[in-house]
Structures are given as structure tokens and as C-alpha cells.
Q: 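Please find one structure pasted underneath; my questions will follow.
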Amino acid sequence: MVIDEAELRRMTHDERRELAHALAAIDQPHPLLDPRLRRRRRLGLLIMTACCVALAAWIAILLLTLPVRYTSSDWRAVWVGLDIAELLGFAATAWAAWHQRQIVIFFMIMTGTLLVCDAWFDLALNYGSSGFTASVLSAALAELPLAFLMFAAARRLVRVTVQTLMQLSGASGPVPPLWRVPLFADGLEECLPARLRSAADGRQTADVTAGGRSSS
């Protein structure tokens, strides 16, 4: 199909967008079709499975062998090191957000995880002591709410990215749950509700047909 400049100008914005999307889909195959990436994916799945099995066995060993009480000689270094890691996480998140970099999602998840770990260790290690009340207040008023904000913001950014891809592909409606969105958004329409999926397919078919009205 060959479209001249005059025909391209007569096309609507949505028709030009759909044409560009169709051409991009032809020129850019799915990334996982690359044999190297497929091998890495299989290796990654194998490693994750092995880690799950090994960690489950290690947890069982720890339950049987760890002492109920233990005195640490590096108490200050552990807590100061954790707080330094959180400081770096906040700083990296602020930098990436200020410069509007995609890596901010990674930094938000990392910082939120550190905050949850901080709350967990503080509560678990102070349980039964005079400092437990302060640990509960710290977790409830600071660490866990901040972690929730980090996770919620990361989720919102991912959903905005998916919504942009949906608009480029001609799909409409709310963004589906992230657990249903395929990697690289390949086959994104398949995870939409049936009524939205059929509408998106109909628009794409109509746009491609309209884009091919005049060819030479």
C-alpha cells in the first residue's frame, strides 16, 4: 500500500496514529522473539524457581537452629547502615522525579521496601521491651505510610504508561489490573473487557481500511 502526501493530509489524526502504530508493529517485532532474550528469560525463570526452593529449605533450617536470643556486637552499624540506605533511596527518588526519569519507579519500589524492612525489624526486635510502643508509633505514623505512598506512586506511574500505550493502540476504557497486562504490552487488547476489546478492534479495522482508501 502506497499513500501519497495528499491522502495522508486527508486522514484524520486517529487514522494517522493507527497507521503509524501498524507500521511500527511491522518494523518492530516482539522483543521476546529474539533467541538471546528467550534464553535469558528461561534462565531467569530457572534461577527464580531454584531460589524459591532453596529459600524455603533455608527458612526451615533457620526455624530449627536459630537461638531465641542473640547479642549483636554491630547493632549501631546495622541500624545506621539501614538508615543510610533509606536516605540514598529518598535522594535517588527525588532526583529521578525532578528529572522525570523512568527509573523513578525502580527507586520508589526500592525505597518503599527499605521502609517496610525498617518497620518490621524495629517492631520484631523491640517486641516485649520498653521501646515497643515507640516502634509501633514510628511504623504506623512514618515508615508504613511513606512506604504505601512510594508503592502507590510507582503503581500509578506504571498505569499511566499502560494507558498511554492503550491510547496509541486505539484502545479505550480504564486501565486493566497490572497483573493482567502482558510484558512489553504485547497483545494488550486481549486483557481488556470484551466490550472494550471489540470496540478497539473495530476502530483499528476501520482506520486501516480508511487509510487504504486510495493506494497506488
Side-chain angles (χ1 to χ4, degrees), residues 31-32 37 40-41 43-59 61-63 66 70-168 174-186 188 191:
L32 289 182
L37 291 180
R40 292 174 184 174
R41 176 175 178 269
L43 178 61
L45 291 174
L46 179 62
I47 292 175
M48 290 301 102
T49 302
C51 287
C52 289
V53 174
L55 187 57
W58 181 243
I59 290 173
I61 293 174
L62 293 179
L63 287 173
L66 278 181
Y70 180 77
T71 301
S72 173
S73 59
D74 298 318
W75 192 255
R76 181 180 302 175
V78 169
W79 285 108
V80 172
L82 179 58
D83 288 339
I84 289 175
E86 292 176 8
L87 173 61
L88 293 176
F90 279 117
T93 302
W95 175 89
W98 176 263
H99 292 280
Q100 299 182 6
R101 299 293 190 265
Q102 191 76 9
I103 199 173
V104 70
I105 298 174
F106 168 80
F107 287 144
M108 284 178 174
I109 296 174
M110 179 190 72
T111 306
T113 303
L114 287 172
L115 289 167
V116 172
C117 291
D118 193 345
W120 163 252
F121 285 119
D122 208 10
L123 291 171
L125 295 176
N126 281 328
Y127 181 75
S129 69
S130 58
F132 183 68
T133 301
S135 298
V136 172
L137 292 175
S138 176
L141 300 179
E143 294 151 353
L144 295 181
L146 285 173
F148 173 80
L149 289 177
M150 290 288 177
F151 294 143
R155 175 180 177 271
R156 184 166 58 251
L157 288 175
V158 174
R159 287 177 62 85
V160 169
T161 302
V162 174
Q163 186 176 35
T164 302
L165 291 173
M166 289 175 59
Q167 293 172 351
L168 292 175
V175 178
L178 295 182
W179 63 269
R180 295 185 58 189
V181 177
L183 193 62
F184 306 114
D186 182 63
L188 180 61
C191 68

Q: What's the shortest heavy-atom distance between L123 and A139, and which atoms?
A: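 It is CD1-CB, 4.1 Å.
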
Q: Which residues satisfy the ring-ring contact (aromatic ring centres under 6.0 Å, His included) test with W120, sequence neighbours excluded?
A: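 Once residues adjacent in sequence are excluded, W120 has no partner under the ring-ring contact (aromatic ring centres under 6.0 Å, His included) criterion.
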
Q: Restricting to non-hydrogen atoms, name the atom on A153 and the atom on M108 that form the minimum distance, rounded to 0.1 Å.
A: CB-SD, 3.6 Å

Q: How long is the span from the CG atom in L55 to the CG atom in L62, to the nearest 0.5 Å?
A: 9.0 Å

Q: Where the side chain of R159 meets the backbone of L178, is there a donor-acceptor pair that is under 3.5 Å apart?
A: no

Q: Quick test of your reading: applying ring-ring contact (aromatic ring centres under 6.0 Å, His included), list the pairs with at least one residue in residues 122-143, sequence neighbours left out, ordered by first then second residue.
A: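 Non-adjacent pairs meeting ring-ring contact (aromatic ring centres under 6.0 Å, His included): Y127-F132.
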
Q: Would you say that W75 contacts L125 through its side chain, given a criterion of any heavy-atom pair below 4.5 Å between the two side chains?
A: yes

Q: Can a donor-acceptor pair be found, under 3.5 Å and without considering hydrogens, that links the side chain of R101 to the backbone of H99?
A: yes

Q: Identify the heavy atoms of A97 and V104 that sit nearest to each other, and give their distance.
A: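 Closest approach of A97 to V104: N-CG2, 3.8 Å.
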
Q: Working to the nearest 0.5 angstrom, can you tell me the gap between M110 CE and I105 CD1?
A: 14.0 Å

Q: Can you give the donor-acceptor pairs under 3.5 Å from side chains of residues 81-94 to other protein atoms, not counting sequence neighbours?
A:
residue: T93; atom: OG1; partner: G89; partner atom: O; Å: 2.8
residue: T93; atom: OG1; partner: F107; partner atom: O; Å: 3.4
residue: T93; atom: OG1; partner: T111; partner atom: OG1; Å: 3.4

Q: Using the rule given for side-chain contact (heavy atoms from CB on, under 4.5 Å), can you reason through F151 versus V116, listing the C-alpha separation, both sets of side-chain angles and the distance that settles it, and then say yes or no?
A: CA-CA 11 Å; F151 294 143; V116 172; 4.0 Å; yes

Q: How far apart are the closest heavy atoms of A147 and L115, and which atoms are they?
A: N-CD1, 3.7 Å

Q: At what distance, to the nearest 0.5 angstrom, does CD of Q102 lie from OG1 of T161?
A: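 OG1 of T161 is found 5.0 Å from CD of Q102.
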
Q: Run the side-chain contact (heavy atoms from CB on, under 4.5 Å) check on W58 and L63 step by step: do they pass?
A: CA-CA 9 Å; W58 181 243; L63 287 173; over 6 Å; no

Q: Nearest 0.5 angstrom please: L149 CG to L144 CG, how far?
A: 11.0 Å

Q: Quick check for you: to the nearest 0.5 Å, what is the distance between D118 atom CG and E143 atom CD?
A: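 If I round to the nearest 0.5 Å, the distance is 4.0 Å.
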
Q: Checking the side chain of S138 only, and the main-chain atoms of A134 only, is there a donor and an acceptor separated by less than 3.5 Å?
A: no

